[in-house]
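Sequence lines set the chain letters: A, B, ... in the order given, protein chains first and strands last, and positions in each chain run from 1.
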Protein chains: 2
Amino acid sequence: MDPAVVGRRVRALREERGLSLSTLARLAGVGKATLSGLEHGTRNPTLETLWAVTAQLGVPFTALLAEPTAEPTVHGTAVTATLLEVFTETDATYELYRMRVAPGVVQLSPAHAPGVTEHVTVFAGVLRAGPADAPLTAPAGGHLRWVSDVPHTYAAVGDEEVAASLLLRYPRR
Amino acid sequence: MDPAVVGRRVRALREERGLSLSTLARLAGVGKATLSGLEHGTRNPTLETLWAVTAQLGVPFTALLAEPTAEPTVHGTAVTATLLEVFTETDATYELYRMRVAPGVVQLSPAHAPGVTEHVTVFAGVLRAGPADAPLTAPAGGHLRWVSDVPHTYAAVGDEEVAASLLLRYPRR
DNA sequence: CCCGACTGTTCCGTTTACGGAACGTAAGCG
DNA sequence: CGCTTACGTTCCGTAAACGGAACAGTCGGG
């Protein structure tokens with residue numbers, strides 16, 4: 001586990017909220033040196049420190065700490081996906097994945113059950129995905145949706161690895 | 001946050017697995033004194049220590065850090081949202097929320113920073129949301145997207161509560 | 001009985017995370 | 001231009017978390 005990762009996330013969350021390092025340190029009741037070191041990953045923060053900071057940011061620990069292990073991960077030729085959450089509703093079940101697509105390879109996935117749809121939101125890179133005969137393209141920040149009861153493909157456009165979230169919707173039969 | 005709670009959970013998890021304190025300490029690469037103090041709540045463990053111990057137990061941090069209910073960031077009258085994950089990319093950070101919208105109320109939320117976009121995928125119910133002057137509508141399985149640097153609204157259409165996932169995208173400055 | 005191997009706790013010297021103060025820097029204002 | 005205010009980083013003495021060793025207690029075998 002990389003403390004630098006935690007640091008970057010804290011900094012990102014702080015800046016999203018428009019808080020300065022000084023004010024967050026004051027609100028959380030920790031020293032500025034502590035917070036600075038935490039964000040830089042040059043310190044090994046204490047549970048108490050982490051708690052104080054995350055409480056001020058209104059963020060659960062989960063959001064800060066990359067999942068350690070035991071997460072179901074699916075590996076394909078180009079795609080690796082880790083299951084984050086499963087939402088069960090009355091008429092459908094949703095599976096939320098964190099997805100990464102390696103560049104230079106095209107992955108072909110078989111058809112799912114009838115009515116299954118996929119929603120992809122691209123975080124970084126450019127993704128071409130969708131039905132094998134008519135794939136769609138989306139850049140970072142973009143969103144794709146298709147009905148995946150036909151064979152479909154995933155591919156990164158260009159040299160950059162694609163990061164995205166994948167939401168699978170399985171209608172109740 | 002009570003360190004004693006964390007300690008009791010670690011001890012419980014360790015004993016469930018039939019591990020002795022000594023062996024867990026050795027496996028995790030921490031001192032026995034450290035682990036003993038951690039389980040008793042008489043220490044304020046370091047991120048590194050927690051990581052080492054939980055990794056050996058095969059347990060995500062979440063399981064340790066009491067907050068079964070977490071903290072729903074109650075946006076207000078109609079919407080309750082809980083932060084599930086934060087994704088940090090090079091040009092943007094993403095916050096993924098689980099969202100529920102109560103029927104019969106319309107919620108108005110203030111504008112976010114420039115460039116922030118919201119992606120909503122509806123799981124159940126019918127959602128009307130988006131810029132206050134031009135809201136969009138989506139049924140279960142549908143998807144909405146808008147730029148949220150203007151005031152925006154959330155409302156459930158009909159009597160059914162809306163369940164959805166909300167993805168907030170904050171571009172890097 | 002002892003003995004060895006094991007349990008978990010306590011002691012202790014070293015390492016280091018802590019917060020306050022001092023620092024360099026940048027932006028706003030007369 | 002100063003002067004002020006706020007920013008984030010670095011310095012530093014103190015407090016405490018760290019691992020190793022020594023400790024008492026318990027079990028099972030020769």
Query raised in the report: Is it true that Arg14(B) and Glu39(B) have a side-chain N and a carboxylate O under 4.0 angstrom from each other?
Result: yes
Rounded to the nearest angstrom, tell me the gap between atom [atom1] in [X] and atom [atom2] in [N].
| X | N | atom1 | atom2 | answer |
| --- | --- | --- | --- | --- |
| Leu24(A) | dC7(D) | CG | C1' | 14 Å |
| Lys32(A) | dT10(D) | NZ | C1' | 11 Å |
| Arg26(A) | dA6(D) | CZ | P | 10 Å |
| Leu47(B) | dC18(D) | CG | C1' | 15 Å |

**Report entry** Derivation of the ring pair (Phe, Tyr, Trp, His ring centres under 6.0 Å) call for His152(B) and His112(B)
**Finding:** CA-CA 9 Å; His152(B) 47 287; His112(B) 288 140; 5.3 Å; yes
Query raised in the report: More than 12 foreign heavy atoms under 6.0 Å from CZ of Arg17(A): is that the case here?
Result: yes
**Report entry** Neighbour count above 12 (heavy atom, 6.0 Å) for Glu48(A) CD
**Finding:** no
Report summary line: Note: chain B reaches DNA chain C at heavy-atom distances under 4.0 Å over the stretch, first to last nt, 5' to 3', of dT7(C) to dC11(C)
Answer yes or no: does a side-chain N or O of [X] lie under 4.0 Å from OP1 or OP2 of [N]?
| X | N | value |
| --- | --- | --- |
| Arg14(A) | dG8(D) | yes |
| Ser36(A) | dG8(D) | no |
| Ser20(A) | dC7(D) | yes |

Query raised in the report: Relative to the 5' end of DNA chain C, which residue comes earlier, Gly29(A) or Gly37(B), by the nucleotide with the nearest heavy atom?
Result: Gly37(B)
**Report entry** Residue met sooner reading DNA chain C from 5', once Asn44(A) and Leu21(B) are mapped to nucleotides
**Finding:** Leu21(B)
**Report entry** Name of the residue among Arg128(B), Glu118(B), Gln107(B) meeting side chain to side chain donor-acceptor pair (under 3.5 Å) with Tyr154(B)
**Finding:** Glu118(B)
Query raised in the report: How would you label the contact of Arg11(A) with the nucleic acid (heavy atoms, under 4.0 Å): base, sugar-phosphate, or nothing?
Result: sugar-phosphate
Query raised in the report: Would a 4.5 Å heavy-atom cut-off, applied to side chains only, mark Val116(B) and Asp149(B) as touching?
Result: no
